[in-house]
Enquirer: 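First the structure, which I've put down as structure tokens, then a few questions once you've had a look.
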2 protein chains.
Amino acid sequence: MSTPIRPHPPETRSRILDAAEVLFVEHGFEATSMRMITSRAGVNLAAVNYHFGSKDALIQEIFRRRLTELNRQRLAALDKLEAEAGGATLKPSHIVEAFFGTALALAADTEHGGHTFMRLLGRTYTEPNTFVRQFLAEEYAEVLERFLGALYRALPDVPREEILWRFHFMMGAMSYAIAGTDALQLFAGNFDDADPARLMPRLMSFLLGGLRAPLPDHAELEKQRRGGREAA
Amino acid sequence: MSTPIRPHPPETRSRILDAAEVLFVEHGFEATSMRMITSRAGVNLAAVNYHFGSKDALIQEIFRRRLTELNRQRLAALDKLEAEAGGATLKPSHIVEAFFGTALALAADTEHGGHTFMRLLGRTYTEPNTFVRQFLAEEYAEVLERFLGALYRALPDVPREEILWRFHFMMGAMSYAIAGTDALQLFAGNFDDADPARLMPRLMSFLLGGLRAPLPDHAELEKQRRGGREAA
DNA sequence: GATTCGTTCAAACGTTTGTTTGAATTGTAC
DNA sequence: GTACAATTCAAACAAACGTTTGAACGAATC
């Protein structure tokens with residue numbers, strides 16, 4: 001019994017993160033106990049507090065490790081768009097694709113937990129948990145400023161409030177799209193077309209249709225006061 | 001000290017329901033304890049188990065009392081549409097308005113807890129809690145069958161799977177729209193236009209734009225095989 | 001081989017959880 | 001006023017919670 005069974009010593013951290021990610025999606029933050037996490041990860045109960053400090057810090061780290069990379073990709077996609085345009089205004093559809101396309105690509109990755117995490121993320125926007133939402137707001141601040149600014153410039157005739165709301169609606173549609181298969185099967189029993197590859201064009205058509213929709217009456221009036229003509 | 005202070009004896013039930021509804025929205029199901037509920041309602045700790053049996057049964061009753069009425073209104077709105085059409089096919093926009101308009105009307109009622117409940121409902125579709133979701137599926141079965149059927153007939157050229165997905169996306173957008181102000185303020189600090197009266201036309205424009213959007217490539221091909229031309 | 005540092009471990013900590021209990025209190029009918 | 005049923009109450013229940021502790025372990029460094 002001289003050779004140790006454990007192959008790589010400090011994989012405990014990542015095993016905890018992976019196990020917690022799955023359990024949080026399945027049961028939620030509060031309903032997932034430390035004992036559930038550690039027993040699924042195959043580590044000692046005290047390991048979470050040793051490696052992360054507390055349960056809340058573990059939750060934060062789960063979001064941090066995924067969101068940092070996702071938002072980096074988003075900013076890179078926007079940078080690329082702006083570089084290719086060379087000063088010209090961007091097409092709204094390209095902006096939307098840069099933001100939501102990267103998210104859907106991560107959600108399509110079922111092998112490395114990307115899908116699991118995106119389901120968790122979509123639910124968390126509306127989650128009541130205070131500190132998680134505050135953390136999300138900070139993590140998203142830069143990306144949202146960049147993308148909303150790009151949309152404002154791409155749609156100069158549309159009131160900014162309207163763009164903000166529609167962006168918010170799009171986030172909701174995406175959240176449900178990713179979380180979706182489970183909820184959809186409740187609605188329609190004979191439903192089996194959950195192919196993530198088809199989800200992308202499906203959702204993108206819907207999002208762009210919503211973004212380009214005629215403005216509601218009040219916003220329409222306000223827009224005409226400014227001399228604009230069409231929403232998108 | 002002969003006259004009792006308590007005005008109406010069996011209002012304990014409704015006081016518990018109202019208090020729990022608010023707390024569930026603020027903190028979620030798991031993070032809301034029986035002691036928080038009963039102390040906010042001003043009743044004894046044992047009252048919940050006496051009147052409802054358990055915490056889970058209380059949650060179910062909260063959804064039951066609101067959803068029964070909401071779905072009754074939805075079916076009535078659809079009945080009225082079909083009666084006025086007199087056999088002719090309905091306009092998709094009218095169907096969507098019948099379904100989401102009633103929900104938004106309830107969400108606009110801030111005085112009798114309708115707004116609070118709709119925020120709770122929108123979050124619960126994607127909630128991991130098993131028994132709540134199963135209960136929701138049962139409670140929604142009839143309404144969804146009626147409305148999806150109406151949409152299928154109103155859009156005979158659009159593949160049913162596509163309609164199902166878009167309906168799902170619309171639910172997501174609505175959920176975020178109602179839960180929305182809090183989340184939006186995280187995104188944009190200088191955001192104050194949360195007037196629920198303006199939310200209705202805003203969301204409806206977006207939803208109809210998404211529903212009428214051109215079909216994605218694959219669905220487009222399938223539709224043309226059937227001989228259709230336009231999505232909506 | 002002894003020392004040191006990072007990590008793991010079993011056990012226990014004090015709280016808080018949902019629920020139950022049995023007595024006290026209330027409203028209603030006789 | 002007495003009897004009865006419904007409701008409220010303070011108190012306690014076992015179970016589960018997140019976290020802490022101090023000893024044991026492992027692999028390096030000298």
Side-chain angles (χ1 to χ4, degrees), chain A residues 1-63 127-132 135, chain B residues 1-63 127-132 135:
Chain A
M1 314 294 184
S2 63
T3 52
I5 305 171
R6 178 158 29 93
H8 305 117
E11 69 174 351
T12 302
R13 265 187 69 100
S14 56
R15 295 185 57 177
I16 291 174
L17 288 170
D18 293 340
E21 203 171 53
V22 173
L23 289 171
F24 285 151
V25 165
E26 281 178 14
H27 307 98
F29 297 126
E30 300 275 350
T32 301
S33 69
M34 302 285 253
R35 285 158 182 85
M36 291 166 67
I37 296 171
T38 51
S39 82
R40 181 184 173 106
V43 302
N44 187 271
L45 170 61
V48 174
N49 286 283
Y50 175 77
H51 284 281
F52 301 95
S54 67
K55 185 183 179 181
D56 282 359
L58 167 64
I59 295 175
Q60 244 175 277
E61 177 58 21
I62 285 183
F63 283 96
E127 191 115 353
N129 194 316
T130 319
F131 92 94
V132 181
F135 172 73
Chain B
M1 315 293 182
S2 63
T3 51
I5 305 169
R6 175 161 31 93
H8 305 117
E11 69 173 350
T12 302
R13 266 187 67 100
S14 56
R15 295 185 58 177
I16 292 175
L17 288 171
D18 293 340
E21 204 171 54
V22 173
L23 289 171
F24 284 151
V25 164
E26 281 179 14
H27 306 98
F29 297 127
E30 301 275 350
T32 301
S33 70
M34 302 286 253
R35 285 159 182 84
M36 290 165 69
I37 297 171
T38 50
S39 82
R40 182 184 172 106
V43 303
N44 186 271
L45 170 61
V48 174
N49 287 282
Y50 175 80
H51 284 281
F52 300 95
S54 67
K55 186 183 178 181
D56 282 359
L58 167 65
I59 295 175
Q60 242 174 278
E61 177 59 20
I62 284 183
F63 283 95
E127 189 117 353
N129 194 317
T130 319
F131 91 95
V132 180
F135 173 73

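By convention in this document, chain letters (A, B, ...) are assigned in the order of the sequence lines, proteins followed by strands, and residues within each chain are numbered from 1. When reading the values below, keep in mind they use all heavy atoms of this one structure, side chains included, and skip hydrogens, waters and symmetry mates.
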Enquirer: Is F131(A) close to Q60(A) at the side-chain level, that is, under 4.5 Å between some pair of heavy atoms?
Expert: yes

Enquirer: Take N1-N3 plus N6-O4 or O6-N4 for Watson-Crick, N1-O2 plus O6-N3 for G-U, both under 3.5 Å. Which runs of 3 or more such pairs involve DNA chain C?
Expert: C:1-4 with D:27-30, C:8-27 with D:4-23

Enquirer: Of all residues at least two apart in sequence or in a different chain, which pass the ring pair (Phe, Tyr, Trp, His ring centres under 6.0 Å) check with F63(A)?
Expert: F117(A)

Enquirer: With DNA chain D as reference, determine whether K55(A) or G42(B) sits nearer its 5' end, using the nearest nucleotide of each.
Expert: G42(B)

Enquirer: Could you tell me how far apart R13(A) (CZ) and dT8(C) (P) are, to the nearest whole angstrom?
Expert: 11 Å

Enquirer: Would you mind listing every side-chain hydrogen bond (donor to acceptor under 3.5 Å, both in side chains) that reaches into residues 25-34 of chain B, with sequence neighbours excluded?
Expert: none

Enquirer: Take atom CZ of F52(A) and atom P of dT8(C), then tell me their distance rounded to the nearest Å.
Expert: 11 Å

Enquirer: Does T12(B) put a side-chain nitrogen or oxygen below 4.0 Å from OP1 or OP2 of dT8(D)?
Expert: yes

Enquirer: Going by side chain to side chain donor-acceptor pair (under 3.5 Å), name the residues that satisfy it together with D18(B), two or more places apart in sequence or in a different chain.
Expert: R65(B)

Enquirer: I need the CG-C1' distance between N44(B) and dA6(D), as an integer number of Å.
Expert: 15 Å

Enquirer: What's the closest nucleotide to the side chain of N49(B) if the choices are dT19(C), dT7(D), dC9(C)?
Expert: dT19(C)

Enquirer: The side chain of Y50(B) is closest to which nucleotide in this list: dT7(D), dT19(C), dA11(C)?
Expert: dT7(D)

Enquirer: Sort and list the pairs that fulfil salt bridge (charged side-chain N to carboxylate O under 4.0 Å, His left out) and have at least one residue in residues 38-63 of chain B, not counting sequence neighbours.
Expert: R13(B)-E61(B), E61(B)-R64(B)

Enquirer: Among N49(B), V48(B), I16(B), T12(B), which residue meets the side chain to side chain contact (heavy atoms under 4.5 Å, CB included) test with T38(B)?
Expert: V48(B)

Enquirer: For A46(A), which contact category applies under a 4.0 Å heavy-atom criterion: base, sugar-phosphate, or nothing?
Expert: base

Enquirer: Rounded to whole angstroms, how far apart are CG on L58(A) and C1' on dC17(D)?
Expert: 15 Å

Enquirer: Say you draw a straight line from OG of S14(A) to CD of E21(A); how long is it, rounded to the nearest 0.5 Å?
Expert: 11.5 Å

Enquirer: Between A46(A) and N44(A), what is the shortest heavy-atom contact and its length?
Expert: N-OD1, 2.9 Å

Enquirer: Let me know the distance between CD1 of I16(A) and C1' of dG18(D), rounded to the nearest Å.
Expert: 14 Å

Enquirer: Considering just the side-chain nitrogens and oxygens of H51(A), establish if one lies under 4.0 Å of OP1 or OP2 belonging to dG6(C).
Expert: no

Enquirer: Taking the side chain as C-beta and beyond, is there a heavy-atom pair between F24(A) and I37(A) under 4.5 Å?
Expert: yes

Enquirer: May I ask you to list the residues of residues 27-39 of chain A, by number, that have any heavy atom positioned under 4.0 Å from an atom of DNA chain D?
Expert: T32(A), S33(A), M34(A), R35(A)

